[in-house]
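I have placed the structure first, in the form of structure tokens, so that the comments after it can refer back to it.
All values derive from a computational prediction rather than experimental measurement. The first residue of the sequence shown is numbered 1, and numbering continues consecutively from there.
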Amino acid sequence: MAAAIKALNAKIRSNPTTNYICSTHFWGPVSNFGIPVAAIADAQKSPDLISGQMTGALVVYSATFMRYSLAVSPKNYLLFACHFINECSQLTQGYRYMQWHHWGGKEKAGAAGAVEAVKTQVSEATEKVKTAVSK
């Protein structure tokens, strides 16, 4: 049994493509792609849900590992791509966080919500007046 496993391993390692697919240089970044995918999906959600501390930590984390991916030998371009996408998406989330919490986004949304509420009340009152006049 051990000889069969050794033979299979030797066959896998002899082909550069399968050797790469069976390495941590491939599976590390592939498993790590969940972080930028989640950040991209969160870009559609309310900025009120964004954690500023976590976004900041992920910006530093991605910048560090972008540098690391180019410092190792051989260079891991898949890991670099993963962290580059994550860096961009986290910076976008950070901008949304700052816009919402510090640059007046929450107040603008509150004002817009109040305007919509008034419009709704006006339309309801208009309908009541029309029904009262038609009687």
Side-chain angles (χ1 to χ4, degrees):
M1 183 69 175
I5 292 173
K6 280 186 177 182
L8 180 62
N9 189 32
K11 180 140 180 87
I12 288 171
R13 300 296 175 189
S14 67
N15 184 338
T17 303
T18 57
N19 185 36
Y20 177 70
I21 290 174
C22 293
S23 72
T24 56
H25 266 256
F26 177 75
W27 287 108
V30 167
S31 61
N32 210 13
F33 257 106
I35 297 171
V37 167
I40 292 167
D42 286 347
Q44 302 300 317
K45 295 182 181 174
S46 170
D48 193 35
L49 302 173
I50 299 170
S51 166
Q53 291 178 333
M54 188 63 184
T55 300
L58 284 169
V59 165
V60 171
Y61 161 78
S62 285
T64 301
F65 276 92
M66 278 172 42
R67 169 68 180 103
Y68 167 78
S69 68
L70 297 176
V72 296
S73 181
K75 293 180 182 350
N76 194 337
Y77 294 111
L78 187 58
L79 184 63
F80 180 82
C82 171
H83 285 291
F84 179 77
I85 293 168
N86 190 39
E87 183 77 13
C88 294
S89 57
Q90 293 301 330
L91 287 172
T92 301
Q93 291 291 76
Y95 175 79
R96 292 179 67 225
Y97 174 83
M98 293 299 289
Q99 179 71 28
W100 182 258
H101 290 285
H102 299 289
W103 296 333
K106 191 184 298 186
E107 290 79 17
K108 287 178 186 174
V115 168
E116 289 300 319
V118 169
K119 284 182 181 178
T120 304
Q121 289 175 349
V122 167
S123 66
E124 289 173 358
T126 304
E127 290 299 320
K128 286 182 181 178
V129 168
K130 284 181 182 178
T131 57
V133 170
S134 66
K135 287 183 180 180

Residues in side chain to side chain donor-acceptor pair (under 3.5 Å) with N32, at least two apart? Y61, H83
Check the pair Y77 / F80 against ring-ring contact (aromatic ring centres under 6.0 Å, His included), numbers first and verdict last. CA-CA 5 Å; Y77 294 111; F80 180 82; 7.4 Å; no
Nearest 0.5 Å, what's the OH-OG distance between Y97 and S51? 7.0 Å
Would you give the length of the straight line joining atom OH of Y95 to atom CD1 of I50, rounded to the nearest 0.5 angstrom? 12.0 Å
Using the rule that Ile, Leu, Val, Met, Phe, Trp and Tyr join whenever any side-chain heavy atoms are under 4.5 Å apart, tell me whether [X] and [Y] fall into a single cluster.
X: V60; Y: M98; value: no
X: V59; Y: M66; value: no
X: I35; Y: Y68; value: yes
X: M54; Y: I40; value: no
X: L70; Y: F84; value: yes

How about CZ on F33, more than 12 heavy atoms from neighbouring residues, nucleotides or ligands closer than 6.0 Å, or not? yes
Pairs involving residues 35-45, ordered by first then second residue, that meet side-chain hydrogen bond (donor to acceptor under 3.5 Å, both in side chains) (sequence neighbours left out): D42-K45
Looking at S89 and N86, would you say the former's side chain and the latter's main chain have a donor-acceptor pair under 3.5 Å? yes
E87 side chain vs A63 backbone, donor-acceptor pair below 3.5 Å: yes
Cut-off 3.5 Å, side chains only: do Q93 and R96 have a donor facing an acceptor? yes
Test question: given the 4.5 Å side-chain rule for I, L, V, M, F, W and Y, name all other residues clustered with V37, or answer none. none
Looking only at heavy atoms, what is the nearest atom pair of V72 and N76, with distance? CG2-N, 4.2 Å
